[in-house]
There are 2 protein chains.
Amino acid sequence: MTYIDQLRTYYERVTEECVSGLSLDCVIFGFHDTRLKVLLLKWKDTNEWSLPGGFIYKNESVDTAAGRVLRERTGLDQLFLQQFHLFGDAVRYDIEDTWQRLKMPMKYGINWPDRTISMGYYALVDYTKVMPTADFMSDECCWWDISELPSLLYDHQHIIEVALKTLRLQLNWQPIGLNLMPEKFTIPELQRLYEAVLGRPLDARNFHKKITGLSVLTRLDERRTGGAHKSPYLYQFDTVNYQKALINGNLNFV
Amino acid sequence: MTYIDQLRTYYERVTEECVSGLSLDCVIFGFHDTRLKVLLLKWKDTNEWSLPGGFIYKNESVDTAAGRVLRERTGLDQLFLQQFHLFGDAVRYDIEDTWQRLKMPMKYGINWPDRTISMGYYALVDYTKVMPTADFMSDECCWWDISELPSLLYDHQHIIEVALKTLRLQLNWQPIGLNLMPEKFTIPELQRLYEAVLGRPLDARNFHKKITGLSVLTRLDERRTGGAHKSPYLYQFDTVNYQKALINGNLNFV
DNA sequence: TCAAAAGTGTTGAGGCTACACCCATGT
DNA sequence: ACATGGGTGTAGCCTCAACACTTTTGA
């Protein structure tokens, strides 16, 4: 079976089994090496990248479908996943141009709706736990630095921008740290995350004071060694107090 | 043509001309007489109420469709309208029970999808300018006090709750006052609005100090007379400064 | 004259910002 | 030894919350 046949079969199945005209796109954020990252897929035999996405089975909750897409691309379950915008413009992108960049015959001869509306989700994941996994349409699935994205298909550049804007706005009310950091981390590492999301530096003393003052962290008896400098303490989140601080909107580092 | 025929014709047109399986519901907030209000429709020949909603034409932007629904029910254009949640559970409500309450034969014999996903929008409108207008399916369209809602069809009770929660969260970043108040209003009246949204009383002196300190209001040379008490000054919003205050997130009365 | 709501300032507490030096570690 | 980043405290400012009396108006 050729790749094109596979694709046609896939889209035929989608047409039959999924909600028509509605898709979802996931902006999966990770954090590594002081940088905010996004998980992208490269389409087979092209140099074109896009967000992981998918369709909703006719008897499936949309949120569940988003969780499924996420699980398939990251290997992780029970992730922090949040609706952020419905992309419903009549013309979201240049369809012909897109099919050309994908080197595909338009529509594979099947009855595909003229326009697709897409629900945008963002996810916050622990970079160290993710196993990026390509699907049958892609030959690569990997992390990209948020500030060095490749050219993206569809309106995915726009979708990422909206997701990032939402993330910044929700920083104080969402468990950004809890979900993006590995289990054990140092306070300066957490500060780098906040700086990466906000896009500007924060004062180390004030950050330390604030985050420890909220008692959302538990200091471990371990330190991170290996740097040519004083070894910082490792911390874990105290999830109970973290939830409390979130509810109070106290995790703001403006 | 009987009412049932009209309905069948309508749903046939929707099936043909609209995006399938996706609808939208609008929670239209108004403010009157110290109370937050929602605009509801009563279905013909029943005592069942629901939110105004509609479908999206195949070549229409979803946001535009929401604006259209809103214009048809309020007579107003260019309203403040905001996506807030996609209601996409596989089973959102008891379908059979709903059709029974509507006293309708299910599906009118047409090919209607088994489940509908709905995008929730909320709107903030000037109560005094709205002309509530029923559609052909409803025999009443009117304002209901948010704390004294009737029994609602579908999952509309839930949708209103989510909308209200969103409104509270966004109070500091959205032009709540600007859109819900009439052109001229007094500071105590604006305070009542904030109290209605937040669901708790605010201190008059602190409110006055804060709101005047932001220079988002212009005091007019008029006063509201008629009450058996001191006549309060009338104010208008200074839209330029209002936008600035919103951007800075300064309109918070926590 | 009375009832009802409008208008108005001050004070204390807590949170935020700005700022500089010493310490621990690996090279 | 030295370079690198980690850890730590204080002072001033600003914002917020709490709080009561006088004024105006219509009935």
Side-chain angles (χ1 to χ4, degrees), chain A residues 33-35 171-173 181 184-196 198 200-236 241 244-254, chain B residues 33-35 171-173 181 184-196 198-236 244-254:
Chain A
D33 195 20
T34 80
R35 299 304 192 82
L171 196 53
N172 304 343
W173 293 266
M181 298 302 285
K184 299 174 181 182
F185 53 90
T186 69
I187 290 186
E189 282 162 9
L190 184 60
Q191 186 183 334
R192 301 294 161 263
L193 167 60
Y194 275 86
E195 289 172 336
L198 292 170
R200 62 191 167 73
L202 297 172
D203 181 272
R205 271 171 298 188
N206 293 336
F207 187 86
H208 192 279
K209 204 188 324 166
K210 170 103 189 197
I211 202 80
T212 52
L214 291 168
S215 25
V216 294
L217 299 182
T218 311
R219 191 165 92 175
L220 306 175
D221 282 336
E222 283 176 86
R223 288 150 173 267
R224 164 101 61 224
T225 56
H229 48 74
K230 191 168 177 177
S231 305
Y233 286 101
L234 286 170
Y235 289 80
Q236 276 185 326
N241 284 335
K244 279 186 205 159
L246 271 178
I247 289 164
N248 297 331
N250 276 337
L251 292 174
N252 54 323
F253 297 89
V254 185
Chain B
D33 194 21
T34 80
R35 299 304 191 84
L171 195 56
N172 304 342
W173 292 268
M181 297 303 284
K184 300 174 182 182
F185 54 89
T186 69
I187 290 185
E189 283 163 7
L190 184 61
Q191 185 184 332
R192 301 294 161 264
L193 166 60
Y194 275 85
E195 290 173 335
L198 292 170
R200 61 191 168 73
L202 297 172
D203 180 274
R205 272 171 296 189
N206 292 337
F207 187 86
H208 192 278
K209 205 187 324 166
K210 170 106 190 197
I211 202 81
T212 52
L214 291 167
S215 23
V216 294
L217 299 182
T218 312
R219 192 164 91 174
L220 306 175
D221 281 337
E222 281 175 87
R223 288 150 172 266
R224 164 103 59 225
T225 55
H229 48 75
K230 193 167 177 177
S231 305
Y233 286 100
L234 286 169
Y235 289 79
Q236 274 183 324
K244 279 187 206 158
L246 272 178
I247 289 164
N248 297 331
N250 276 336
L251 291 175
N252 54 324
F253 299 88
V254 184

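Please read these numbers as outputs of a predicted model, since none were measured by experiment. Just so it is clear: chains get the letters A, B, ... in the order the sequence lines come, proteins before strands, and each one is counted from 1.
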[X] has an atom [atom1]; how far is it from atom [atom2] of [N], in whole Å?
{"X": "B/Lys210", "N": "C/dG9", "atom1": "NZ", "atom2": "C1'", "answer": "18 Å"}
{"X": "B/Leu214", "N": "D/dC14", "atom1": "CG", "atom2": "C1'", "answer": "14 Å"}
{"X": "A/Leu202", "N": "D/dG7", "atom1": "CG", "atom2": "C1'", "answer": "17 Å"}
{"X": "A/Leu217", "N": "D/dG7", "atom1": "CG", "atom2": "C1'", "answer": "15 Å"}

From [X] [atom1] over to [Y] [atom2], what is the distance, rounded to the nearest 0.5 angstrom?
{"X": "B/Leu198", "Y": "B/Leu193", "atom1": "CG", "atom2": "CG", "value": "9.0 Å"}
{"X": "A/Phe207", "Y": "A/Leu190", "atom1": "CZ", "atom2": "CG", "value": "4.0 Å"}
{"X": "A/Leu217", "Y": "A/Thr186", "atom1": "CG", "atom2": "OG1", "value": "10.5 Å"}
{"X": "A/Glu189", "Y": "A/Asp33", "atom1": "CD", "atom2": "CG", "value": "10.5 Å"}
{"X": "B/Leu234", "Y": "B/Ile187", "atom1": "CG", "atom2": "CD1", "value": "10.5 Å"}

Residue set satisfying side-chain contact (heavy atoms from CB on, under 4.5 Å) with A/Thr34, at least two apart, ordered chain then number -> A/Arg192
If you take any heavy atom closer than 4.0 Å to DNA chain C, which residues from residues 186-193 of chain B end up in contact?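 Going residue by residue through residues 186-193 of chain B, the ones with a heavy atom under 4.0 Å of DNA chain C turn out to be B/Pro188, B/Arg192.
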Looking at residues 220-230 of chain B, who's got a heavy atom less than 4.0 Å off DNA chain C? B/Ala228, B/His229, B/Lys230
Among residues at least two apart in sequence or on other chains, which ones pass ring pair (Phe, Tyr, Trp, His ring centres under 6.0 Å) with B/Phe185? B/Phe237
Is B/Asp203 reaching over with its side chain to a backbone N or O of B/Arg205, donor-acceptor style, under 3.5 angstrom? yes
Please check: side-chain N/O of B/Glu195 versus main-chain N/O of B/Leu202, any donor-acceptor pairing under 3.5 Å? yes
Earlier contact from the 5' end, DNA chain C, for A/Ser231 and B/Ser231: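 First, find each residue's nearest nucleotide; the 5'-ward one identifies B/Ser231.
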Expected rows: protein N/O vs nucleotides 8-11 of chain D N/O, under 3.5 Å:
residue	atom	partner	partner atom	Å
D/dT8	OP2	A/His208	NE2	3.3
D/dT10	O4	A/Lys209	NZ	2.9

Using the salt bridge (charged side-chain N to carboxylate O under 4.0 Å, His left out) rule, collect all pairs that involve residues 211-223 of chain B, keeping only residues at least two apart or in two chains. B/Lys184-B/Glu222
